[in-house]
Amino acid sequence: MFDLADHDKLKFTASSEDSRVLDALAHAQRHQAARGDHITAFSEEGKEVDISFATQNWRKATSTSPRCASRT
């Protein structure tokens with residue numbers, strides 16, 4: 001997924017005014033080099049990234065702990 005998104009092989013656009021998926025993808029891209037089992041569910045501004053659209057398995061990949069930051 002990251003390879004396709006990072007190298008402009010695919011261009012993602014929202015098909016509605018709902019940008020949650022694109023926001024979550026951008027957040028995941030910013031943390032793709034993180035090591036560990038989880039990435040933080042909070043943006044750099046401290047706001048929780050809305051992943052309510054995601055399945056439970058995808059939600060398990062994030063942590064609601066603000067201390068669970070990208071450790072590269």
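Looking at Ser19, its side chain never comes within 3.5 Å of a backbone N or O of Asp23 through a donor-acceptor pair.
Qualifying side-chain contact (heavy atoms from CB on, under 4.5 Å) partners for Asp50, counting only residues two or more places apart in sequence or in other chains: Arg20, Ser52.
Between atom CD of residue Gln32 and atom NE2 of residue His27 there is a gap of 12.5 Å, rounded to the nearest 0.5 Å.
Contact detail for Val49 and Ser43: the closest heavy-atom pair is CG2-N, 4.0 Å. Thr13 and Leu22 make their closest contact through C-CD1, 3.8 Å (heavy atoms, listed as atom of the first residue, atom of the second, distance).
Atom CD of Glu17 is surrounded by 12 or fewer heavy atoms from other residues, nucleotides or ligands within 6.0 Å.
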